[in-house]
Every structure is written in C-alpha cells, then in structure tokens.
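Quick notes on the structure that follows.
Note that the numbering runs from 1 along the sequence shown for the chain.
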Amino acid sequence: MSIASQCLLVLQKELRHLWRARTRATATGAFALATLFLFSFAGGLDSDTLRGNAAGYLWVGLLLASTLALGESFRVETEHGSLEALLLFPVAPVAIFVGKALGNMITLLVVGLVMVPFTIALFDAGPKEGILPLLGTVVLGSAAIAAPGTMHAALASRARARDVLLPLLLFPLVLPCVVASVQATRLLISGDAMGQFGSWIAVVAAFATVHWLVGALLFSFVVED
C-alpha cells in the first residue's frame with residue numbers, strides 16, 4: 001500500500017471520529033465565536049478601532065480554539081491505546097502524521113470559515129480585496145497551525161498536564177505564522193494600497209511548508225516509546 005493510500009485511510013479514520021464526536025467540534029466552534037463576542041465588547045464602541053483590530057481578533061480566536069481541537073485529536077488514542085495499535089499495522093508514521101494533520105486542518109478550516117462571517121458582521125470588517133483571498137488566507141493559516149499542532153499534541157498526549165502543556169509548546173512556535181496571517185488579513189480588510197499582501201501570505205506559506213516537512217520527518221521519533 002502506498003504512502004498516499006495510508007494517508008487517506010488515516011484521514012478517513014479522523015473524519016469518522018470527528019463526525020461521531022461532532023458535539024465536541026460544535027463546542028470548539030462555539031468557543032471561537034464566544035471569543036469573538038468577548039472581543040467585540042472589550043474593544044469599546046469605536047467602530048474604526050474594532051475594524052482595525054478585526055484581523056487580530058479572528059486569528060487569536062482561531063488559535064485559542066485550536067488547542068481544544070488539537071488536544072481532542074489524540075484523546076481517543078491516549079485513552080484506548082489505539083495509537084500503539086495503529087503503529088503495529090503496516091502504516092508508516094509519516095502517513096499517520098499527514099492523515100491526522102489533514103484532519104486537524106479540516107477542523108480548523110471549518111471553524112475559521114464559520115468565524116469569518118461573524119467577524120465581518122461584528123466588526124464591520126468586509127474585505128475590500130474580495131472574499132476569496134480572505135478564504136485562501138484562512139486555508140493557509142489553518143495549515144500552518146495544524147501541522148505543528150498535531151506534532152505537539154502527540155508529544156503532550158501522554159503527559160499528565162497535557163491540556164496546559166500543549167498551548168505552552170504550540171503558541172511560541174506558531175506565533176510568526178499567526179502574526180503573518182493577521183497582517184495579510186488586515187490588508188484584505190483595510191485595503192492593500194502598497195501591494196504587501198503577497199509578501200505576508202508568502203511568509204505564511206513558507207512557515208506552513210516547513211512545519212509540514214519537519215513534522216513528517218520527526219513524527220516517528222515523537223510516537224515511539
């Protein structure tokens with residue numbers, strides 16, 4: 001069986017688990033939206049300030065929600081020992097990483113796409129550069145968070161304080177990706193007169209590529225006993 005087929009099998013398993021545990025996914029989305037509502041109240045009544053900070057609110061909310069989704073992705077494997085069983089099958093560790101990371105990316109992407117219309121409505125932050133570049137930014141940003149998040153969720157899954165350990169490991173690592181995503185989103189909302197969007201989105205894509213490659217290379221060392 002090829003590596004691509006193995007990745008698809010692991011991804012199918014992740015999507016089935018996501019569907020069966022859709023109440024938890026719904027809770028993750030609700031948490032992200034609650035974060036947006038809190039920011040809308042904390043930002044005051046100045047519409048210009050709210051609009052200017054809307055990109056930061058969107059990505060901070062998605063980053064906070066990602067810790068719930070990423071931690072959940074390894075909860076079943078940790079509780080039932082299914083990760084060890086999966087490793088006993090002829091499935092390459094790189095296929096496990098790619099499949100689980102794609103599943104986490106899809107989860108974050110769905111949450112991000114749900115957050116976008118609420119961000120536009122709450123902060124009057126309709127993108128001046130069009131909705132498609134904004135959706136593309138959400139896709140790349142989700143990919144940039146999902147790969148290192150999967151890696152560190154696996155690393156923290158066996159720790160007793162994994163819910164605390166995961167954000168401590170993840171946030172410093174993805175901070176450059178989040179900052180670049182915020183800047184790219186801010187330019188789409190406020191207007192890109194200087195043509196800087198391409199540079200920021202290239203930074204996000206570069207970090208996403210590095211994180212996926214490093215994760216694929218090192219995941220076997222993370223899951224081995």
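- A pairwise comparison of heavy atoms in A180 and V204 identifies CB-CG2, 3.5 Å as the closest pair.
- In this structure the side chain of T28 never reaches within 4.5 angstrom of the side chain of T107, judged on heavy atoms.
- M194 and W200 sit in two unconnected hydrophobic clusters of ILVMFWY residues. Membership requires side-chain heavy atoms under 4.5 Å apart, directly or through other members.
- For residues 168-184, the pairs satisfying side-chain hydrogen bond (donor to acceptor under 3.5 Å, both in side chains) are Q183-R186, with sequence neighbours left out.
- L213 is not connected to M151 by any chain of hydrophobic side-chain contacts under 4.5 Å among Ile, Leu, Val, Met, Phe, Trp and Tyr, and they are in different clusters.
- Identified under the salt bridge (Lys or Arg N to Asp or Glu O under 4.0 Å) test for residues 201-223, with sequence neighbours left out: none.
- As a member of the Ile/Leu/Val/Met/Phe/Trp/Tyr network built from side-chain separations under 4.5 Å, V203 groups with F207.
- Taking S66 as the reference, nothing meets the side chain to side chain donor-acceptor pair (under 3.5 Å) condition, with sequence neighbours excluded.
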Pairs under 3.5 angstrom only: tabulate donor-acceptor contacts from the side chains of residues 130-140 to other protein residues two or more places apart or in another chain.
unit_1	atom_1	unit_2	atom_2	d
T137	OG1	P133	O	2.8

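- Contact record, L166 with A153: CD1-N, 3.6 Å, taken as the closest heavy-atom pair.
- V178 and M115 fall within the same hydrophobic cluster, where Ile, Leu, Val, Met, Phe, Trp and Tyr residues are linked whenever their side-chain heavy atoms come under 4.5 Å apart, directly or through other members.
- Both L169 and V210 belong to a common hydrophobic cluster when Ile, Leu, Val, Met, Phe, Trp and Tyr are linked at side-chain heavy-atom distances under 4.5 angstrom.
- Atom CG of L168 and atom CG of L173 lie 13.0 Å apart (nearest 0.5 Å).
- Counting only residues at least two apart or in different chains, ring pair (Phe, Tyr, Trp, His ring centres under 6.0 Å) contacts with residues 164-195 are absent.
- Across all their heavy atoms, P167 and T67 have their closest contact at CB-CG2, 4.1 Å.
- Between L70 and L170, some side-chain heavy-atom pair lies under the 4.5 Å cut-off.
- Legend: side-chain hydrogen bond (donor to acceptor under 3.5 Å, both in side chains) pairs involving residues 139-152, not counting sequence neighbours, sorted by first then second residue: N104-T150.
- The nearest pair of heavy atoms linking A101 to A147 is CB-CA, 4.5 Å.
- Through direct or relayed side-chain contacts under 4.5 Å between Ile, Leu, Val, Met, Phe, Trp and Tyr, L8 connects to no other residue.
- Pairing each heavy atom of V111 with each of A32, the nearest pair is CG1-CB, 3.8 Å.
- By the 4.5 Å side-chain criterion applied to Ile, Leu, Val, Met, Phe, Trp and Tyr, V179 is assigned to a cluster that also includes L175.
- Taken to the nearest 0.5 Å, the CG atom of L58 stands 11.0 Å off from the CG atom of L63.
- Among the candidates Y57, F118, W59, the single residue satisfying the ring pair (Phe, Tyr, Trp, His ring centres under 6.0 Å) test with F39 is Y57.
- Of all non-hydrogen atoms in F97 and H211, the two that sit nearest each other are CZ-O, 4.4 Å.
- You'll find the side chain of F219 stays beyond 4.5 Å of the side chain of V94, heavy atoms only.
- Residue pairs satisfying the side-chain hydrogen bond (donor to acceptor under 3.5 Å, both in side chains) criterion with at least one member in residues 165-178, sequence neighbours excluded, are absent.
- Within the structure, every pair that satisfies the salt bridge (Lys or Arg N to Asp or Glu O under 4.0 Å) test and touches residues 114-125, not counting sequence neighbours, is listed here: R51-D124.
- Rounding to the nearest 0.5 Å gives a distance of 7.0 Å between OG1 of T185 and CD1 of I201.
- The shortest side-chain heavy-atom distance between L11 and I106 falls under the 4.5 Å cut-off.
- Under the 4.5 Å side-chain criterion, counting only non-hydrogen atoms from C-beta, L36 is in contact with L33.
- Under the 4.5 Å side-chain heavy-atom criterion for ILVMFWY residues, a single connected hydrophobic cluster contains both V10 and L102.
- Among residue pairs with one or both ends in residues 55-65, none qualify as salt bridge (Lys or Arg N to Asp or Glu O under 4.0 Å); sequence neighbours excluded.
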